[in-house]
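Let me begin by presenting the structure, written as structure tokens, before commenting on it.
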2 protein chains.
Amino acid sequence: MEYVETLKKNGYRITKQRSEILNALATYPLSVHELFKILQQKSVKIDLASIYRSLETFERLGLVASSDLGEGKKRYELLHTKHHHHLICTSCGGIEDIDCADIETAIQKIYKNTQFKVERHTLEFFGQCHLCQQL
Amino acid sequence: MEYVETLKKNGYRITKQRSEILNALATYPLSVHELFKILQQKSVKIDLASIYRSLETFERLGLVASSDLGEGKKRYELLHTKHHHHLICTSCGGIEDIDCADIETAIQKIYKNTQFKVERHTLEFFGQCHLCQQL
DNA sequence: ATCCCTGCAAAGCCTTTGCATGCGC
DNA sequence: GCGCATGCAAAGGCTTTGCAGGGAT
């Protein structure tokens, strides 16, 4: 329930909808539509727009991280664990977490530890280029 | 012009539009709309749908790679170089290439070599999970 | 009571699809 | 001439935005 403090401290309100979103994210990285369906099944009245707006707020506060897995939409997950990456099965779409470690050796270790056979990977660095640091 | 052979060998045709797409991609990773604008300026008559269809074909043939840089759209680049990754400046949006190497040491080397200050990175592995390999 | 948050509706992008015409082979 | 590729138009999926009412503080 630490997220309650983070929200309040920054002047945001705790609502039924926001609590349910964070609850639903507790187990697995979800897309917006998956979140929507889960909340509907729990009879939580919510709109897609509210989910988008809440997730944007959560991400800005560092409560949630979004990742783009090339599905044409983002997935969101709770940031309760340390920085890590994902193994996405191209057959079943399942997602597993892995630690952030060396790449080349990582791929070998991944297979050894999880039997997940890596076929391709993407790695993107975001930051400030040399010129932009001087502005 | 090796792409001509690849296309022909697989039963695809060389058209003005396809040549121009591949030409335009030669220098920099482009989004579909950037491609569209460039071709329009060169007075090449082409439709967005044709660009999407061509890029899908090129990607399937391994001529082109797409990457999702969290912009809500894909970028496409020519696969004439070896496997590499990107440095995306969060200020100017500029994209630089880097070799595929260790991550932790990579970030230090990146700064040393390019003065690019990495703030965050995403790493995604795609492949077959243990269960799906047995189907 | 204030002001944020929500639902509803509409619209904005990016992308895909159907269909008839056109062009490479 | 055959059949893929194209342009045009329409539609689909994901996401954003405007606005008035409702709820958290």
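By convention in this document, chain letters (A, B, ...) are assigned in the order of the sequence lines, proteins followed by strands, and residues within each chain are numbered from 1.
- Along DNA chain D, the nucleotide nearest B:Ser50 and the nucleotide nearest A:Ile14 are compared for position; the residue whose nucleotide lies closer to the 5' end is B:Ser50.
- Side-chain N/O atoms of B:Ser31 include none lying less than 4.0 angstrom from OP1 or OP2 on C:dC14.
- Here B:Lys16 lies out of heavy-atom contact (under 4.0 Å) with every strand.
- Remark: P of D:dA11 and OH of B:Tyr52 are 19 Å apart, rounded to the nearest angstrom.
- In this structure, B:Lys73 does not reach the D:dG13 phosphate: none of its side-chain N or O atoms is under 4.0 Å from OP1 or OP2.
- A side-chain donor from one of B:Glu59 and B:Ser66 sits under 3.5 Å from a side-chain acceptor of the other.
- Donor-acceptor pairing under 3.5 Å is lacking for the side chains of A:Tyr28 and A:Arg75.
- Rounded to a whole Å, the CG atom of A:Asp47 is 16 Å from the P atom of D:dG23.
- Straight-line distance from the CG atom of B:Asp68 to the C1' atom of C:dC14: 11 Å, rounded to whole Å.
- In this structure, the CG atom of B:Leu48 is 18 Å from the P atom of D:dA11, given to the nearest Å.
- Separating the CG atom of B:Asn10 from the P atom of D:dA5 is a distance of 11 Å, rounded to the nearest angstrom.
- Distances shorter than 4.0 Å separate none of the side-chain N or O atoms of A:Thr15 from OP1 or OP2 on C:dC5.
- For C:dC4, neither phosphate oxygen OP1 nor OP2 lies less than 4.0 angstrom from any side-chain nitrogen or oxygen of A:Lys8.
- Residue B:Arg53 is in base contact, counting any heavy-atom pair closer than 4.0 Å across all strands shown.
- No close placement of the B:His121 and B:His86 rings is indicated, their centers lying 6.0 Å or farther apart.
- Nearest heavy atoms, A:His85 versus A:Asp99: CD2-O, 4.4 Å.
- Residue B:Arg13 places no side-chain atom within donor-acceptor reach of the base of C:dG22, judged by atom type and a 3.5 Å distance cut-off alone.
- Here C:dC5 presents its C1' atom at 15 Å from CG of A:Leu22, a figure rounded to the nearest Å.
- For C:dC14, the OP1/OP2 oxygens have a side-chain nitrogen or oxygen of B:His33 closer than 4.0 Å.
- Taking atom CD1 of B:Ile51 as the reference point, atom C1' of C:dC14 lies 13 Å away to the nearest angstrom.
- Both A:Val4 and A:Phe58 sit in one connected hydrophobic cluster of ILVMFWY residues. Membership requires side-chain heavy atoms under 4.5 Å apart, directly or through other members.
- Side-chain nitrogen and oxygen atoms of A:Gln17 include at least one within less than 4.0 Å of the OP1 or OP2 phosphate oxygen of C:dG7.
- Here C:dC23 presents its P atom at 15 Å from CZ of B:Arg18, a figure rounded to the nearest Å.
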